[in-house]
Number of protein chains: 2
Amino acid sequence: MESVWKAVADDSRREILMLLRKRKMTPSEMTEHFHFTAPALSSHLRILKSADLVTEEKLGKNRYYSLNEKKSLEIVNFFEKMWGYNLNSLKEYVENKERKKGT
Amino acid sequence: MESVWKAVADDSRREILMLLRKRKMTPSEMTEHFHFTAPALSSHLRILKSADLVTEEKLGKNRYYSLNEKKSLEIVNFFEKMWGYNLNSLKEYVENKERKKGT
DNA sequence: CAAACAATTAAATAATTGTTTAATTATTGT
DNA sequence: ACAATAATTAAACAATTATTTAATTGTTTG
């Protein structure tokens with residue numbers, strides 16, 4: 001199991017995640033959007049899969065990749081813990097802090 | 001300016017961030033909590049500083065490092081964009097999705 | 001000013017990560 | 001069975017990142 005942090009640290013992999021946001025997709029389709037080669041893409045997908053950020057679905061000779069929304073919470077939770085605040089209110093918290101500085 | 005993603009991808013650096021959560025701290029104090037050497041710590045702090053995740057404050061011969069809360073939002077925002085949901089409701093969204101699967 | 005301390009920078013090396021080309025596996029349609 | 005297509009794995013190489021030891025900078029205190 002690969003670290004979810006290492007997985008999202010790479011620019012290309014975040015692009016892939018953003019691309020998958022709209023719909024599940026095969027590697028062939030993805031390569032049309034990127035500059036890198038099929039094996040490079042495959043390598044990135046393996047890392048994302050191993051980090052449990054995407055799931056794979058075999059359909060005939062195609063493989064569809066889709067986002068695993070649940071996993072993103074692991075990262076969000078880190079920030080929750082880090083700030084000791086419920087994320088529900090994190091944004092407001094920061095914004096209020098900024099507003100205080102301003103006055 | 002270093003990428004905030006690269007900065008948080010490293011285990012040691014996330015430990016440092018978690019440590020700074022409670023209060024500002026000097027590198028000397030931090031080394032008591034870690035296994036790595038002072039130069040290694042210094043290198044990590046430079047990266048965190050360059051990513052704007054921590055701020056530095058010189059006081060005599062000591063340097064105090066503290067968290068820059070605002071910056072974490074950059075990462076949180078990525079996930080907002082990624083899911084196309086407001087983070088306020090992300091957790092509920094995922095939980096509901098899970099509940100549906102269960103039924 | 002000299003000794004002691006805090007922290008950083010420099011230089012070298014070790015380890016990890018990413019990309020490429022070439023070869024391989026698996027699946028479908030004729 | 002054979003050709004075509006989708007995707008992966010393998011092997012080699014390039015590039016980046018992390019860690020160490022040693023040397024250096026800046027600051028306080030006797």
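These figures come from a predicted structure and were not determined experimentally. Computed over heavy atoms, backbone and side chain alike; hydrogens, waters and symmetry mates excluded. In what follows, every chain begins at residue 1, and chains take the letters A, B, ... in the order their sequences are listed.
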Can you measure [X] atom [atom1] to [N] atom [atom2] for me and round it to whole angstrom units?
X       : N      : atom1 : atom2 : result
B:Asp11 : C:dT16 : CG    : C1'   : 13 Å
A:Leu59 : D:dT5  : CG    : C1'   : 16 Å
B:Arg46 : C:dA10 : CZ    : P     : 9 Å
A:Lys49 : D:dT9  : NZ    : C1'   : 12 Å
A:Ile16 : C:dG18 : CD1   : P     : 11 Å
B:Leu45 : D:dT19 : CG    : P     : 13 Å
B:Arg63 : C:dT9  : CZ    : P     : 7 Å
B:Asn62 : C:dA4  : CG    : P     : 18 Å

Which nucleotide in [options] has an atom nearest any side-chain atom of [X]:
X       : options               : answer
A:Arg13 : C:dT9, D:dT8, C:dG18  : C:dG18
B:Lys58 : D:dG26, C:dA10, D:dT8 : D:dG26
B:Ala38 : C:dT8, D:dT20, C:dT20 : C:dT8

Main-chain N/O of A:Asp52 paired to A:Asn68 side chain as donor or acceptor, under 3.5 Å: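 Yes, A:Asn68 side chain to A:Asp52 backbone: donor-acceptor pair under 3.5 Å.
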Side-chain donor/acceptor of A:Arg13 to backbone N/O of A:Ala7, under 3.5 Å: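 Yes; judged by distance alone, with no hydrogens or angles, the pair exists.
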Most 5' of B:Lys6 and A:Tyr64 on DNA chain D, judged by nearest nucleotide: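 Counting from the 5' end, the first nearest nucleotide belongs to A:Tyr64.
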Common cluster, A:Trp5/A:Leu53, ILVMFWY with side-chain heavy-atom separation under 4.5 Å: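 Yes.
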Hydrophobic cluster membership, B:Ile47 vs B:Val54, 4.5 Å side-chain cutoff: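 Each belongs to a different hydrophobic cluster.
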A:Lys61 or B:Leu41, whichever maps to the more 5' nucleotide of DNA chain C: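 On the 5' side of the pair lies B:Leu41.
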Nearest-nucleotide 5' precedence on DNA chain C, B:Tyr65 against A:Thr37: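 Between the two, 5'-proximity favours B:Tyr65.
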Distance test, side-chain N/O of A:His35 to OP1/OP2 of C:dT19, below 4.0 Å: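 Indeed not, no polar side-chain atom of A:His35 lies that close.
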Option among A:Lys24, A:Arg46, A:Arg63 that satisfies the side-chain hydrogen bond (donor to acceptor under 3.5 Å, both in side chains) test with A:Glu56: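 The single option meeting the side-chain hydrogen bond (donor to acceptor under 3.5 Å, both in side chains) with A:Glu56 is A:Arg63.
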